[in-house]
Amino acid sequence: MTLADVINVFEAAYPPGRAESWDAVGLVCGDPGQAVRRVLFAVDPVPVVAEEALDWGADLIVVHHPLYLRGTTSVAATTYKGRLIHDLIRNDVALYTAHTNADVANPGVSDALARTVGLVGDLVPLQPFPDDPWRGLGRVGDLPRTMTLGAFAEQAAAGLPKTSWGLRVAGDPSRPVTRVAVSGGSGDSLLGTARAAGVDVFLTADLRHHPASEFVEAGGPALIDAAHWATEWPWLDSAASILSSSGVNVETRVSATVTDAWTKGY
Ligand SMILES: [Zn+2]
């Protein structure tokens with residue numbers, strides 16, 4: 001299989017044209033004609049992930065977050081990013097990013113998150129595209145039964161991969177919850193949408209004090225703030241199975257290395 005064959009599968013599942021205008025998705029380094037046998041999936045393009053790829057003999061790393069998001073004029077090995085690019089190119093390892101185009105896909109990042117925290121049945125986008133009600137940011141779904149916010153938080157924490165701190169809850173832990181919105185990664189911008197959706201709780205990452213406090217005080221749904229990396233990691237399995245089931249003959253592996261920015265809680 002060539003890198004171009006693999007890219008075709010991803011571009012069908014995660015069309016680059018659906019990425020946000022500020023985003024940088026697609027092939028970061030690699031030759032479309034090069035052979036691909038082993039594909040490593042990870043959330044972050046960081047040195048520990050590159051090391052894992054080299055140790056395993058990967059030909060391609062598929063990541064969620066872009067290595068370079070803003071303009072750059074140098075990939076010299078004088079920065080960790082330049083070093084990473086050099087290490088990959090020297091070893092014939094390609095790097096490919098599926099970011100906001102994977103967030104809005106169906107199935108996408110938030111579908112995987114929704115299943116991981118225990119939502120069942122149909123999932124609908126929290127913020128659907130005007131031209132496609134089945135694609136868009138976030139997902140809304142139901143728990144199999146009503147439970148307390150505290151019990152749901154425990155269930156979600158048990159389903160998500162472990163990070164240095166678990167989940168933070170805003171709202172009365174004894175309040176009942178059934179209808180849930182989730183959004184992988186930073187979900188600040190979807191607070192108003194979650195309120196309008198009439199859900200009981202919104203689970204996302206990177207929530208800040210003022211928006212969260214005002215949201216809950218104003219009678220909005222309860223909030224659960226998880227580690228950014230943990231909310232996106234469940235998608236890696238989904239991306240790997242899209243590739244495996246496409247008929248492209250490659251070996252896939254999901255990196256279990258925790259690359260959340262916060263490495264220890266005290
Ligand atoms: Zn993210």
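Using a 4.5 Å heavy-atom cutoff, the side chains of Met147 and Pro176 are not in contact. At a threshold of 4.5 Å between non-hydrogen side-chain atoms, the residues Pro47 and Arg83 do not count as touching. Using a 4.5 Å heavy-atom cutoff, the side chains of Phe202 and Ser183 are in contact. Residues Ile61 and Leu88 meet the side-chain proximity criterion, which asks for heavy atoms closer than 4.5 Å. The closest side-chain heavy-atom distance from Val180 to Val199 is not below 4.5 Å. Counting heavy atoms from C-beta outward, Asp172 and Leu149 have side chains that stay 4.5 Å or more apart.
In this structure, the side-chain hydrogen bond (donor to acceptor under 3.5 Å, both in side chains) partners of Asp132, at least two apart in sequence or on a different chain, are Arg135. Not counting sequence neighbours, Phe152 has no partner by the ring-ring contact (aromatic ring centres under 6.0 Å, His included) test. Scored by the side-chain hydrogen bond (donor to acceptor under 3.5 Å, both in side chains) test, Thr204 finds no partners at all (sequence neighbours excluded). With sequence neighbours left out, Phe215 forms a ring-ring contact (aromatic ring centres under 6.0 Å, His included) with no residue at all.
Tyr80 OH to Asp87 CG: the interatomic distance, rounded to the nearest 0.5 Å, is 13.5 Å.
Pairs engaging residues 243-263 under the salt bridge (charged side-chain N to carboxylate O under 4.0 Å, His left out) rule: Arg38-Glu251, Glu52-Arg253 [sequence neighbours left out]. Note on residues 218-229: pairs passing salt bridge (charged side-chain N to carboxylate O under 4.0 Å, His left out), not counting sequence neighbours, are Arg168-Asp225.
Atom CG of Asp55 sits in a crowded spot, with more than 12 heavy atoms from other residues, nucleotides or ligands closer than 6.0 Å. Around atom CH2 of Trp56, more than 12 heavy atoms belonging to other residues, nucleotides or ligands sit under 6.0 Å away.
The minimum heavy-atom distance between Ala227 and Thr163, with the atom names listed, is CB-OG1, 3.5 Å. Considering all non-hydrogen atoms of both residues, Ile242 and Ala13 come closest at CG2-CB, 3.9 Å. Of all heavy-atom pairs spanning Leu191 and Pro211, the tightest one is CD1-CB, 3.7 Å. When all heavy atoms of Pro234 and Leu113 are compared, the closest pair comes out as CB-N, 4.3 Å. Across all non-hydrogen atoms, the minimal contact from Ser255 to Ala42 is CB-CB, 4.0 Å. Considering all non-hydrogen atoms of both residues, Pro128 and Pro133 come closest at CB-O, 3.8 Å.
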Using the side-chain contact (heavy atoms from CB on, under 4.5 Å) rule, take Leu3 and Ile7 through it: C-alpha gap first, then chi angles, then the decisive distance, then the call.
CA-CA 6 Å; Leu3 179 53; Ile7 289 175; 3.8 Å; yes

Taking it one step at a time, do Val250 and Leu243 satisfy side-chain contact (heavy atoms from CB on, under 4.5 Å)?
CA-CA 8 Å; Val250 292; Leu243 187 57; 3.7 Å; yes

Step-by-step side-chain contact (heavy atoms from CB on, under 4.5 Å) determination, Val28 to Thr97:
CA-CA 7 Å; Val28 181; Thr97 304; 3.5 Å; yes

side-chain contact (heavy atoms from CB on, under 4.5 Å) between Glu154 and Val169, intermediate numbers included:
CA-CA 10 Å; Glu154 275 173 19; Val169 171; over 6 Å; no

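Cluster annotation: Leu27 is connected to Val62 through the hydrophobic network of ILVMFWY side chains, with a link wherever side-chain heavy atoms come within less than 4.5 Å. Cluster annotation: Val75 and Leu54 are assigned to the same hydrophobic cluster (Ile/Leu/Val/Met/Phe/Trp/Tyr, side-chain heavy-atom contacts under 4.5 Å, transitive). No continuous path of hydrophobic side-chain contacts links Val120 to Val140 [ILVMFWY only; heavy atoms under 4.5 Å]. Clustering ILVMFWY residues whenever any of their side-chain heavy atoms sit less than 4.5 angstrom apart, transitively, puts Val248 in the very cluster that holds Val39. Linking ILVMFWY side-chain heavy atoms closer than 4.5 Å, directly or via other members, places Leu236 and Leu40 in two distinct hydrophobic clusters.
In summary, the side chains of His99 and Glu20 do not present any donor paired with an acceptor at a separation below 3.5 Å, with no hydrogens or angles considered. For the 3.5 Å distance criterion, the side chains of Ser186 and Asp188 fail to qualify, holding no donor opposite an acceptor. Ser164 and Thr263 form no side-chain donor-acceptor contact under 3.5 Å, judged by distance and modelled atom types alone. A donor-acceptor contact closer than 3.5 angstrom is absent between the side chains of Asp103 and Thr100.
Between the side chain of Thr231 and the backbone N or O of Gly185, at least one donor-acceptor pair lies under 3.5 Å.
Tested against Tyr96 for a ring-ring contact (aromatic ring centres under 6.0 Å, His included), the candidates Phe41, Tyr14, Phe10 yield a single pass: Phe10.
Under 4.0 Å is where a charged nitrogen must lie from a carboxylate oxygen, and between Arg179 and Asp142 at least one such pair does.
Trp229 and Trp233 have tilted rings, their planes meeting at an angle from 30° to 60° on a 0 to 90° scale.
His228 and His64 have their aromatic ring centers separated by at least 6.0 angstrom.
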